[in-house]
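Everything below concerns the one structure shown next.
Since the model is a prediction, treat every value here as computed from it, not as a measurement.
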Amino acid sequence: MQVTIHGTALSPWVRRLFLVCEEKGIEYDIVNVVPFGDPDPEFLKVSPLGKVPVLEFEGKHLPDSLAASVFLESLAAAPQLFPIDGWQRAWMLWLCDYLTTGLFAKVEVPLFIQRFVNPNFFQKGTDQAVVDRALGLLPQHFDYLEGQLSPNKAFLASDAISLADLTAGSIFVNMRHAREPVNAERWPLLSAYVERLHARPSFTKVLERESTTVGRISPLFAEAAIHP
């Protein structure tokens, strides 16, 4: 029961599939696909939108991270990353959508592109206006996530870790690559939550592998360690 994940380790959505597999103990292979430039025509045959990740299993391909996560949930029952309770499952899916269309699209992507991808991979300068717009939107998203947590609540959607947490944790990896960690004084619950997620064995394993690819160009790895 082994799957193959096509994509780049720096994508939050590829990383999310790595994390699902790690949490569930599913063995997986990785095929590196970088979604910049014109897509390979062969890749478009399995991912018609040219997006990563693509999950491959027994000769079949799922070109979407959420759809692939649904399949992986059926492949290994434990731990359950989709809550059984109907409301909690629906709320978890809402949180995944919010994280995708809110925090990821409006804050993480511009910061990650401008502060990390452009200078390190394309030798391009930072467009400060783009950064400033993203930073202007950041507080409302951090405020919302802070409000979903409490001192006695370890996870977002339920009492156990869910796909929403793996989604959030993966996005916050890229926030740290982009030199924008959570300010613990302003958002203490969110900061502690992110640290707890990144200390999980699934995250430490994935990040250890990612560090060999990214190296010290990321502030996350610049201190020669992943925070345990």
Side-chain angles (χ1 to χ4, degrees), residues 3 5 7-24 26 28 35 51-55 62-76 79-85 87-112 134 137-138 140-149 153-178 180-182 187 189-207 210 220:
V3 302
I5 298 171
T8 174
L10 288 172
S11 161
W13 313 116
V14 175
R15 190 186 298 116
R16 178 168 71 172
L17 288 192
F18 295 164
L19 292 165
V20 171
C21 288
E22 294 293 344
E23 290 283 341
K24 288 181 168 291
I26 297 171
Y28 60 102
K51 299 195 307 180
V52 294
V54 172
L55 181 75
L62 269 174
D64 178 79
S65 181
L66 181 58
S69 297
V70 171
F71 171 71
L72 292 173
E73 179 77 353
S74 71
L75 201 60
Q80 290 179 329
L81 297 177
F82 287 67
I84 295 175
D85 177 80
W87 179 264
Q88 289 182 344
R89 178 180 288 240
W91 190 252
M92 183 272 291
L93 291 171
W94 148 248
L95 289 169
C96 287
D97 183 60
Y98 171 77
L99 289 161
T100 302
T101 58
L103 180 64
F104 170 73
K106 296 181 179 179
V107 180
E108 185 271 328
V109 167
L111 293 180
F112 184 65
L137 295 171
L138 181 151
Q140 71 185 67
H141 296 291
F142 280 18
D143 285 347
Y144 181 77
L145 293 173
E146 178 85 359
Q148 302 305 305
L149 300 164
K153 185 181 179 186
F155 303 108
L156 285 174
S158 65
D159 294 333
I161 193 166
S162 75
L163 187 68
D165 302 298
L166 300 185
T167 303
S170 185
I171 292 171
F172 276 106
V173 169
N174 279 29
M175 294 290 288
R176 294 174 75 174
H177 285 327
E180 200 62 45
V182 180
W187 297 285
L189 297 178
L190 183 60
S191 176
Y193 166 74
V194 171
E195 291 298 326
R196 284 196 307 274
L197 288 178
H198 290 177
R200 292 180 68 84
S202 59
F203 274 93
T204 57
K205 183 175 179 179
V206 168
L207 291 178
E210 191 168 323
L220 181 57

Measure the spacing between CG of Asp165 and CG of Leu95 and express it to the nearest 0.5 Å.
8.5 Å

Between Thr167 and Leu163, is there a donor-acceptor pair closer than 3.5 Å when you use the side chain of the first and the backbone of the second?
yes

For Phe112 together with Phe104, are the ring centres under 6.0 Å from each other?
no

Quick one: does Arg89's side chain have a donor or acceptor within less than 3.5 Å of a partner on Pro83's backbone?
yes

When you measure from the side chain of Ser191 to the backbone N and O of Trp187, does any donor-acceptor pair fall under 3.5 Å?
no

Answer yes or no: is there a side-chain heavy-atom contact under 4.5 Å between Tyr28 and Glu22?
yes

Is Lys153 reaching over with its side chain to a backbone N or O of Gln148, donor-acceptor style, under 3.5 angstrom?
yes

The reported gap from OG1 in Thr100 to CD in Glu108 (rounded to nearest 0.5 angstrom) is 10.5 Å

Exercise: do Glu146 and Tyr193 side chains pair donor with acceptor under 3.5 Å
no

Around atom CG of Asp159, are there more than 12 heavy atoms from other residues, nucleotides or ligands closer than 6.0 Å?
no

Check whether Asn174 reaches the backbone of Leu10 with its side chain - one donor and one acceptor, N or O, closer than 3.5 Å.
yes

To the nearest 0.5 Å, how far apart are CG in Leu55 and SG in Cys21?
7.0 Å

Would Leu19 and Arg200 satisfy side chain to side chain contact (heavy atoms under 4.5 Å, CB included), going step by step from the backbone distance to the final call?
CA-CA 10 Å; Leu19 292 165; Arg200 292 180 68 84; over 6 Å; no

Once the angle between the rings of Tyr144 and Tyr98 is folded into 0 to 90°, is it parallel (under 30°), tilted (30 to 60°) or perpendicular (over 60°)?
tilted

Heavy atoms only: give me the nearest Pro53-Val14 pair and the separation to one decimal.
CB-CG2, 3.6 Å

To the nearest 0.5 Å, how far apart are CE in Met92 and OG in Ser162?
5.5 Å

Closest non-hydrogen atoms of Gln88 and Ser158, given as atom of the first, atom of the second and distance, are OE1-CB, 3.5 Å

Shortest non-hydrogen separation from Ala68 to Leu62 and the atoms involved:
CA-CD1, 3.8 Å

Would a distance-only check, ignoring hydrogens and angles, find a side-chain to backbone donor-acceptor pair under 3.5 Å from Glu73 to Phe82?
yes

For residues Leu145 and Leu103, determine if any side-chain heavy atom of one lies less than 4.5 Å from a side-chain heavy atom of the other.
yes

Output for pair (Leu220 CG, Leu207 CG), nearest 0.5 Å, gives 6.0 Å

Please lay out, stage by stage, how Ser69 and Leu17 fare under the test side chain to side chain contact (heavy atoms under 4.5 Å, CB included).
CA-CA 7 Å; Ser69 297; Leu17 288 192; 3.5 Å; yes

Atom NZ of Lys24 with >12 non-hydrogen neighbours under 6.0 angstrom
yes

According to the interplanar angle, ranging from 0 to 90°, do the rings of Trp87 and Trp91 count as parallel (below 30°), tilted (30 to 60°) or perpendicular (above 60°)?
parallel

Apply side chain to side chain contact (heavy atoms under 4.5 Å, CB included) to residues Leu190 and Phe172 and explain how you reach the verdict.
CA-CA 11 Å; Leu190 183 60; Phe172 276 106; 4.0 Å; yes

Could you state the interatomic distance from CG (Leu66) to CZ (Arg16), rounded to the nearest 0.5 Å?
5.5 Å

Indicate the atoms forming the closest heavy-atom contact of Ala105 with Pro110, along with that distance.
O-CD, 3.6 Å

Output yes when a side-chain donor or acceptor of Arg15 lies under 3.5 Å from a complementary backbone atom of Ser170, and no otherwise.
yes

Are Leu197 and Val194 packed together at the side-chain level, in the sense that at least one heavy-atom pair is separated by less than 4.5 angstrom?
no

Pair Glu210-His177, side chain to side chain contact (heavy atoms under 4.5 Å, CB included): steps then yes or no:
CA-CA 11 Å; Glu210 191 168 323; His177 285 327; 2.7 Å; yes

